[in-house]
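Only a predicted model underlies this, so the values are computations on that prediction, with no experimental measurement involved.
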Amino acid sequence: MSSCFNGGAGWPEPVVRVQAVSDTCGEAIPERYVKPPSERPSTTTPQPASGGVLNIPVVDMSMPDSDETVRAVEAACREWGFFQAVNHGVRPELLRRARSSWRGFFRQPAELRERYANSPTTYEGYGSRLGTTKGGHLDWGDYYFLHLLPTSIKSHDKWPSLPSTLRDATEEYSEEVVKLSRRVTTLLSKGLGLDGGRLQEAFGGEGDEGACLRVNFYPRCPQPELTLGVAAHSDPGGMTMLLVDDHVRGLQVRKDGHWITVDPVPDAFIVNIGDQIQVLSNASYKSVEHRVTVSAAEERLSMAFFYNPRSDLPVGPMPELVGPESPALYPEMTFDEYRVQIRQRGLSGKAHLQSLQSFRAGGAAASS
């Protein structure tokens, strides 16, 4: 195998790069990447009774202070947990430059990429797996993970030096997406009937929130019907701003028991609610399962920007949303405590959030 990294720093077994597997596996993928039949990608998308194509809502962000925009974001996040943001204020040229720079990194020689190999301690750097369980199923994808906020944990030394455009493009891109994320949290707060700054306050306040970037690279796969680029999961953080590939589809969202393949709008961000906002909103907004399919014909790249509460701040349902008719559904827990489970066990649908809700229910029953 041309690129096999034995981390020795927390990984339970050698880590094999999916790019290397794709280059050498021929017409059949290794058994470790084959998903159980119930988890394999569906080949059809249900169609709405009214005709047309079923797709996640599209929200025009050109007037972010308008009541109409608040209502559109609120409706999308209550019903779908997802929407596509258009006219969002981030320049299309910057989107293309950031995406092109990261595609350039994944085309660097394997020896250069391996200089940035990560460990499960922070996941920062070049990686190929989530979770530290030995012998489990693997996803068909490599990634690069970076911490961006708070600035105290941001380290440019961990950013690739090649291609030469990457660091500047990533810096500017991150600054713009943070601004967009703050605008969306304002809309989400207002949609809950709260002051526009309430969710930002619950995240720790402007400047103290968390943010990180995961750039996903999905190589060509000879048997895409048997595997997934990322297994079904809800995002553990607060909110995700996803910039998808400009020519290859792959994101699927779970809706009413069906998997819907998202048809991306050019230059849009796909925005989705994460587990932490579901907790803070006491399930008024819901994080939704999604997954990624892969292609036999083309590689695919996406950039997932995770906007999160400050990691050591207790997160629980906001008091304004709790009352006799709407008791708190979740106990308080810091994001650090919550994501330890993800890093140990890997992605598993909405099992982590459901276990938190079950813990709360069990505690309430014991105290009643």
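Residues Met239 and Val184 are in side-chain contact: their nearest non-hydrogen atoms beyond the backbone lie under 4.5 Å apart. Under the 4.5 Å side-chain criterion, counting only non-hydrogen atoms from C-beta, Arg339 is in contact with Ser311. The closest side-chain heavy-atom distance from Val34 to Arg40 is below 4.5 Å. Leu280 is listed as a side-chain neighbour of Leu199, based on a closest heavy-atom distance under 4.5 Å. A heavy-atom distance below 4.5 Å is found between the side chains of Val262 and Asn55.
Every residue was checked against the ring-ring contact (aromatic ring centres under 6.0 Å, His included) condition with Tyr173, not counting sequence neighbours, and none meets it. With sequence neighbours excluded, no residue forms a ring-ring contact (aromatic ring centres under 6.0 Å, His included) with Phe306. Considering only residues two or more places apart in sequence or on other chains, Asp312 meets the salt bridge (charged side-chain N to carboxylate O under 4.0 Å, His left out) condition with Arg310. Not counting sequence neighbours, the partners of Arg78 by the salt bridge (charged side-chain N to carboxylate O under 4.0 Å, His left out) test are Glu74. Among residues two or more places apart in sequence or in another chain, the side-chain hydrogen bond (donor to acceptor under 3.5 Å, both in side chains) test is passed with Gln84 by none. For the ring-ring contact (aromatic ring centres under 6.0 Å, His included) test, no residue two or more places apart in sequence or in another chain qualifies with Tyr285. Taking Ser100 as the reference, nothing meets the side-chain hydrogen bond (donor to acceptor under 3.5 Å, both in side chains) condition, with sequence neighbours excluded. Here Arg198 pairs with Glu320 under the side-chain hydrogen bond (donor to acceptor under 3.5 Å, both in side chains) rule; sequence neighbours left out. Scanning for side-chain hydrogen bond (donor to acceptor under 3.5 Å, both in side chains) contacts around Tyr33 gives an empty result, with sequence neighbours left out.
Side-chain contact, Asp245 with Ser302: no donor N or O sits under 3.5 Å from an acceptor N or O. Side-chain contact of Ser62 with Asn87: a donor-acceptor pair under 3.5 Å is absent, judged by distance alone. Checking Thr69 against Ser66 by side-chain atom types alone, a donor-acceptor pair falls below 3.5 Å.
We find the CD-CZ distance between Gln19 and Arg107 to be 10.0 Å, quoted to the nearest 0.5 Å. Going from atom CD of Glu337 over to atom CD of Glu332 covers 10.0 Å, rounded to the nearest 0.5 Å. Atom OG of Ser174 and atom CG of Leu149 lie 8.5 Å apart (nearest 0.5 Å). Rounded to the nearest 0.5 angstrom, Cys212 SG and Leu148 CG are separated by 7.0 Å. Note that CZ of Arg254 is 5.5 Å distant from CD of Glu289, once rounded to the nearest 0.5 Å.
Between the Glu124 side chain and the Asn118 main chain, no donor and acceptor come within less than 3.5 Å of each other. Judged purely by atom type and a 3.5 angstrom limit, Lys179 has no side-chain atom pairing as donor or acceptor with the backbone of Glu176. In this structure, Gln276 contributes its side chain and Gly237 its backbone to no donor-acceptor pair below 3.5 Å. Checking side-chain atoms of Thr227 against main-chain N and O of Pro224 turns up no donor-acceptor pair under 3.5 Å.
Remark: Lys35 does not engage Glu225 in a salt bridge, criterion side-chain N to carboxylate O under 4.0 Å. Classification of Glu171 and Lys154 as a salt-bridged pair holds, one side-chain N sitting under 4.0 Å from a carboxylate O. Note on Asp23 versus Arg220: no salt bridge recorded, every NZ/NE/NH1/NH2 to OD/OE distance being 4.0 Å or above.
Centroid-to-centroid, the aromatic rings of Tyr144 and Trp102 come within less than 6.0 Å. The aromatic ring centroids of Trp159 and Tyr126 lie 6.0 Å or more from each other.
Sorted by first and then second residue, the ring pair (Phe, Tyr, Trp, His ring centres under 6.0 Å) pairs with a member in residues 55-86 read Phe82-His290; sequence neighbours excluded. For residues 56-71, there are no salt bridge (Lys or Arg N to Asp or Glu O under 4.0 Å) pairs, not counting sequence neighbours. Sorted by first and then second residue, the pairs that involve residues 81-92 and meet salt bridge (Lys or Arg N to Asp or Glu O under 4.0 Å), not counting sequence neighbours, are Arg91-Glu93, Arg91-Glu172.
Under the 6.0 Å distance and 45° angle rule, Arg214 counts as a cation-pi partner of Tyr143.
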